[in-house]
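Keep in mind that what you see is a predicted model, and the values were worked out from it rather than measured.
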Amino acid sequence: MTEIALFPLSAVLVPYGRMPLQIFEQRYLDLVKSSMRSGDSFGMLRIERGVEVGSVRLPELASIGTLASIVDWDQLENGLLGVTVEGGQRFHLGDFWRENNGLIRAEVELLPPLESTAMIDVWEPMRTVLQGLEAHPHVQRMGMPADLQDAWQVAYSLVQLLPLEEELKLELLSLTAIEELMRELDVLLNALSGEA
């Protein structure tokens with residue numbers, strides 16, 4: 001088990017995905033400063049029930065999350081700190097607790113890193129959709145550097161970018177076989193395009 005700081009939120013970050021965050025609470029400002037200084041990752045996972053802010057009780061958290069690394073930062077027009085995080089290794093959540101400063105820390109079991117898997121012909125529509133999304137200015141600003149030859153990167157980039165319910169993203173995050181993930185994405189893309 002590995003001990004890490006957590007950044008719980010309502011959204012799901014997946015490996016290779018990028019997400020902008022606005023940081024305003026002191027505990028998270030401290031976490032971001034520490035992470036930028038040390039280069040250490042922190043855990044991002046979905047709040048299943050409860051609230052993370054202003055509650056004495058700990059929220060119920062998803063059992064699986066993703067390590068996040070800060071890849072960019074800037075002061076936003078509203079004066080808040082904006083950071084962009086990128087998803088790395090997945091983890092299973094163990095025991096977690098709140099520190100005196102309000103930050104939640106946890107024992108986690110890191111899942112094996114995803115091994116690069118070559119794209120095959122039947123998955124080509126996924127790559128085509130991702131290339132279309134990459135042309136969008138918002139996606140270009142995030143600078144998600146997907147390797148279009150690696151099936152995991154193509155799949156998880158789509159999971160991050162497509163307009164999917166966060167609960168569904170969480171289900172896709174928990175899949176362990178690329179074939180299964182690609183099959184689910186194919187069904188979802190057909191549904192989104194109105195072909196199902």
Side-chain angles (χ1 to χ4, degrees), residues 1-47 52-53 58-59 61-117 134 138-161 166 169-170 172-174 176:
M1 298 291 264
T2 303
E3 185 181 317
I4 60 171
L6 296 183
F7 194 121
L9 71 171
S10 58
V12 174
L13 178 69
V14 300
Y16 310 111
R18 288 195 174 182
M19 182 184 293
L21 300 172
Q22 288 190 49
I23 312 296
F24 53 90
E25 289 185 66
Q26 190 58 50
R27 58 184 158 168
Y28 294 128
L29 287 168
D30 293 343
L31 172 61
V32 164
K33 284 180 197 168
S34 171
S35 178
M36 290 172 70
R37 196 168 36 247
S38 67
D40 289 343
S41 300
F42 50 90
M44 289 186 64
L45 72 178
R46 180 171 161 76
I47 298 173
E52 207 282 311
V53 180
L58 285 167
L61 302 174
S63 61
I64 188 168
T66 307
L67 291 181
S69 299
I70 297 169
V71 293
D72 195 14
W73 65 276
D74 199 5
Q75 185 166 4
L76 304 175
E77 289 180 13
N78 59 11
L80 298 178
L81 174 64
V83 298
T84 301
V85 294
E86 182 173 288
Q89 211 167 341
R90 297 173 303 158
F91 62 82
H92 280 301
L93 180 65
D95 291 333
F96 61 99
W97 61 92
R98 195 185 305 274
E99 302 270 285
N100 290 336
N101 64 358
L103 191 67
I104 297 177
R105 295 189 67 83
E107 291 280 348
V108 300
E109 177 190 353
L110 297 176
L111 296 175
L114 298 169
E115 292 188 21
S116 181
T117 303
E134 285 180 332
H138 174 70
V139 177
Q140 290 179 345
R141 278 193 300 277
M142 282 196 300
M144 281 177 52
D147 176 354
L148 296 175
Q149 309 306 316
D150 181 358
W152 282 112
Q153 291 195 42
V154 169
Y156 273 135
S157 295
L158 284 173
V159 171
Q160 194 72 66
L161 295 172
E166 297 301 323
K169 288 184 181 185
L170 188 62
L172 297 173
L173 179 65
S174 68
T176 56

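Here salt bridge (charged side-chain N to carboxylate O under 4.0 Å, His left out) pairs that include residues 79-92, with residues two or more places apart or in two chains, are Arg18-Glu86. Residue pairs that meet the salt bridge (charged side-chain N to carboxylate O under 4.0 Å, His left out) test with at least one member in residues 4-17, sequence neighbours left out, do not exist here.
Between Met44 atom CE and Leu13 atom CG the span is 5.0 Å, to the nearest 0.5 Å. Residue Leu9 holds its CG atom at 6.5 Å from CD1 of Ile47, rounded to the nearest 0.5 Å. Rounding to the nearest 0.5 angstrom, the gap separating the CG atom in Asp40 from the CG atom in Leu31 is 10.0 Å. Remark: Phe91 CZ to Leu67 CG distance equals 6.0 Å, nearest 0.5 Å. Taking CZ of Phe42 as the start and OG1 of Thr66 as the end, the distance is 11.5 Å to the nearest 0.5 Å. Note that the CZ atom of Arg46 and the CG atom of Leu93 stand 14.5 Å from one another [nearest 0.5 Å].
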Got a list of side-chain donor-acceptor pairs under 3.5 Å for residues 151-161, not counting sequence neighbours?
from, atom 1, to, atom 2, distance (Å)
Trp152, NE1, Glu115, O, 3.4
Trp152, NE1, Thr117, OG1, 3.4
Gln153, OE1, Asp147, N, 2.9
Gln153, NE2, Asp150, OD2, 3.4
Tyr156, OH, Leu173, O, 3.3
Ser157, OG, Gln153, O, 2.7
Gln160, OE1, Val14, N, 2.9
Gln160, NE2, Val12, O, 3.1

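Evaluation of the salt bridge (charged side-chain N to carboxylate O under 4.0 Å, His left out) rule for Glu166 yields Lys169 as partners, not counting sequence neighbours. Glu3 pairs by the side chain to side chain donor-acceptor pair (under 3.5 Å) definition with Arg105, not counting sequence neighbours. In this structure, Ser35 has no side chain to side chain donor-acceptor pair (under 3.5 Å) partners at least two apart in sequence or on a different chain. Partners of Ser34 by side chain to side chain donor-acceptor pair (under 3.5 Å), not counting sequence neighbours: none found. Under the salt bridge (charged side-chain N to carboxylate O under 4.0 Å, His left out) criterion, Glu109 pairs with no residue, sequence neighbours left out. For Thr2, the side chain to side chain contact (heavy atoms under 4.5 Å, CB included) partners at least two apart in sequence or on another chain are Ile4, Val108, Leu110. Looking at residues two or more places apart in sequence or on another chain, you find no side chain to side chain contact (heavy atoms under 4.5 Å, CB included) involving Asn100. In this view, Phe7 and Tyr28 satisfy the ring-ring contact (aromatic ring centres under 6.0 Å, His included) rule, not counting sequence neighbours. For the side chain to side chain contact (heavy atoms under 4.5 Å, CB included) test, residues two or more places apart in sequence or in another chain that qualify with Leu29 are Ile23, Gln26, Leu81.
Nearest heavy atom pair, residue Ala68 against residue Val85, reads CB-CB, 4.0 Å. Between Gln89 and Pro112 the shortest heavy-atom distance is NE2-C, 4.3 Å. The shortest non-hydrogen separation linking Met1 to Gly94 is CE-CA, 4.0 Å. Across all their heavy atoms, Trp97 and Glu99 have their closest contact at NE1-OE2, 2.7 Å. The shortest non-hydrogen separation linking Arg27 to Gly102 is NH1-O, 2.6 Å. Across all their heavy atoms, Leu61 and Leu6 have their closest contact at CD1-CD1, 3.9 Å.
The number of heavy atoms from other shown groups lying within 6.0 Å of CG (Asn101) is above 12.
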Handout entry: From CA spacing to verdict: side-chain contact (heavy atoms from CB on, under 4.5 Å), Val32, Trp73
Key = CA-CA 10 Å; Val32 164; Trp73 65 276; over 6 Å; no

